[in-house]
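This report refers to the structure that appears directly beneath it.
Counting starts at 1 for both ligands and their atoms, in listed order. Side chains are part of it too, since the values below use all heavy atoms of this structure and drop only hydrogens, waters and symmetry mates. What you see is a predicted model, and the numbers here were worked out from it, not measured in a lab.
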Amino acid sequence: MSRERRVEEFSVEEIVDRAEELAEPVFKKIKKIAYHNQCRVLQAFKDFRVSSWHFHGSSGYGYGDESRDLLEALYARIFGGEDALVRHQIVSGTHALAGCLLGLLASGDLLLAAAGQPYDTLFRVIKGPNGLEAKGIIYQEIKPGADGGCDLAAVARAAKQKPKMVFIQRSRGYSTKRRSLLIREIKEIVEVVKEFSRDSIILVDNCYGEFVEEWEPGHVGADLVAGSLIKNPGGGLATGGGYVVGKKALVDRVAEHFTAPGLGKSIGPSLHDMRCFYQGLFMAPHVVGQALQGAVLTAAVFSLLGRRVMPEMDEPRGDIVQAVQMKSKEELELFARVVQQASPVESFVVPEFAVLPGYEDEVIMAAGTFVQGSSIELSMDAPLREPYYAFMQGGLSYEHLRHVVLKLVSAFFSLAQEK
Ligand SMILES: *Cc1c(COP(=O)(O)O)cnc(C)c1O
């Protein structure tokens with residue numbers, strides 16, 4: 001953009017076009033990763049001989065449910081584990097993670113969070129009246145490093161206490177104090193922990209991270225990885241559910257926590273049409289690529305408008321979350337309103353700040369999604385706390401995201417003119 005013209009003098013179209021030009025080299029990298037992951041996923045489908053009769057569900061106990069078992073084998077292969085639990089009976093990412101924590105930790109065990117406070121909804125899992133601490137589990141948290149990543153030296157010191165479990169969150173979540181962790185950084189954490197404490201279980205919260213890079217935490221030594229099917233790996237098609245992937249013995253124990261000791265993975269009917277889980281997994285690398293391109297475009301556009309964005313347009317990404325700094329509660333509400341109005345479902349709804357179970361501050365959420373609460377479909381959230389960051393993630397197609405970004409620029413221009 002030439003220095004003689006101020007940003008306000010450009011048309012909305014011109015700004016988005018310019019942002020796209022700036023983002024092009026980043027788009028290219030994203031497409032390469034999506035291609036790599038698409039091939040990886042396709043190979044797994046071929047190796048496991050997925051067939052159309054796998055798309056029928058079972059009922060009752062779900063004994064001998066081959067559709068479910070094959071989907072779990074696919075997840076294990078694709079996410080670098082020995083075994084997996086992929087169930088719509090696991091309601092959400094929080095449920096999957098809480099199952100790993102509560103199923104594997106006992107009184108007196110030490111749980112170490114390696115890079116800052118875990119995602120908001122895990123706060124009560126740790127600190128609540130029925131949470132880990134109430135059950136006698138000891139919890140320690142290492143502050144993020146100066147660059148918002150992981151403070152490896154502090155992890156090394158803490159690992160000498162031989163924690164039962166080390167928790168690593170790949171995504172930044174709603175935090176402005178930390179960033180997402182890259183796979184090579186997760187690998188470093190795993191190596192440091194294992195050097196001082198070989199038997200510690202490394203649990204990774206993989207929410208929003210799946211298919212963002214070419215490899216997954218399970219490929220670099222994580223023992224257990226959990227996430228949500230209405231985020232990245234569901235590809236926008238899965239109607240709900242969660243997954244846990246990792247070492248077989250650990251997956252079995254977590255399964256016995258979810259169902260019952262002695263039953264474990266062997267029960268749990270897939271009930272309805274399983275096609276959405278298979279097809280969603282197949283689509284996921286592409287959909288994540290689309291969402292990432294939208295996040296990068298958002299960063300590029302809002303940088304041109306002089307806003308702080310996290311991550312920067314060309315910063316390496318470990319998740320699909322894009323944060324954009326707003327100046328006030330009103331601006332957050334405007335951002336949410338625009339995203340909602342440009343959604344295919346419930347476009348007529350006006351989002352408002354409200355108290356939500358599991359979250360500490362009031363939050364506003366914009367999501368006009370086909371699957372309720374799905375955040376691989378476009379959604380925007382913001383907690384009501386300074387420095388007023390809007391967090392945007394997901395989007396099934398780049399074209400939709402481009403449209404939303406255009407509407408956002410337009411709305412913020414009008415706001416500037418009113419003032
Ligand atoms: C979404 C999310 C969770 C919790 O997932 P829900 O499905 O909303 O319960 C946990 N950790 C991170 C980093 C997330 O993004």
Side-chain angles (χ1 to χ4, degrees), residues 85-102 113-126 128 131-132 141 144 148-150 167-183 185-186 203-213 216-217 222 224-236 238-245 258 280 284 288 291-292 295 310-311 317-323 356-360 363 365-367 369 371-383 389-395:
L85 196 59
V86 184
R87 305 289 168 109
H88 67 82
Q89 286 93 352
I90 302 177
V91 182
S92 66
T94 307
H95 190 193
L97 289 157
C100 296
L101 294 164
L102 292 161
Q117 194 182 323
Y119 190 73
D120 298 46
T121 57
L122 293 175
F123 186 79
R124 300 271 166 87
V125 176
I126 299 166
L132 298 171
E141 191 175 288
C150 178
F167 178 90
I168 303 171
Q169 182 180 303
R170 185 171 174 186
S171 168
R172 77 173 330 124
Y174 282 158
S175 177
T176 50
K177 299 187 185 82
R178 58 154 293 178
R179 53 176 175 76
S180 61
L181 297 176
L182 303 177
I183 289 295
E185 294 174 308
I186 292 174
L203 170 64
V204 175
D205 173 354
N206 209 21
C207 286
Y208 287 145
E210 297 92 349
F211 300 121
V212 169
E213 293 191 77
E216 297 291 329
L224 207 57
V225 178
S228 162
L229 301 194
I230 58 172
K231 292 182 177 175
N232 306 14
T239 45
Y243 76 90
V244 175
V245 169
F258 276 124
V288 169
L292 280 169
M310 296 185 310
R317 283 166 195 260
D319 67 13
I320 61 169
V321 179
Q322 180 63 50
L356 219 86
Y359 292 89
E360 291 304 299
V363 270
M365 295 187 163
T369 56
V371 173
Q372 188 197 85
S374 165
S375 47
I376 186 59
E377 296 181 57
L378 176 63
S379 63
M380 171 274 183
D381 326 76
Y389 269 97
F391 295 87
M392 199 171 114
Q393 60 272 315

Would you confirm whether E377, through its side chain, and G394, through its main-chain N or O, come within 3.5 Å as a donor-acceptor pair?
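The answer is no, because no donor-acceptor pair under 3.5 Å joins these two groups.
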Angle between ring planes, F258 versus H95, binned at 30° and 60°: parallel, tilted or perpendicular?
perpendicular
Taking distance alone, with N or O pairs closer than 3.5 Å, would you say Y208 contacts ligand 1?
no
For ligand 1, find out whether one of its N or O atoms is nearer than 3.5 Å to an N or O atom of D205.
yes
Identify the closest protein heavy atom to atom 7 (O) of ligand 1: which residue and atom is it, and at what distance?
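Ranked first by proximity to atom 7 (O) of ligand 1 is G93 N, 2.7 Å.
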Within the 4.0 Å heavy-atom shell around S92, which atoms of ligand 1 are there?
6 (P), 7 (O), 9 (O)
Using the side chain to side chain donor-acceptor pair (under 3.5 Å) rule, pick out the option among N232, D205, N206, D319 that qualifies with S171.
D319
If you define the side chain from C-beta out and look only at heavy atoms, does anything of Y243 sit under 4.5 Å from L229?
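A side-chain contact under 4.5 Å exists here.
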Is any side-chain heavy atom of Q322 less than 4.5 Å from a side-chain heavy atom of P311?
yes
Of the side chain and backbone of K231, name the one, both, or neither that has a heavy atom under 4.0 Å from an atom of ligand 1.
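Only the side chain of K231 comes within reach of ligand 1.
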Can you tell which part of T94 has a heavy atom less than 4.0 Å from ligand 1: side chain, backbone, both or neither?
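Both parts.
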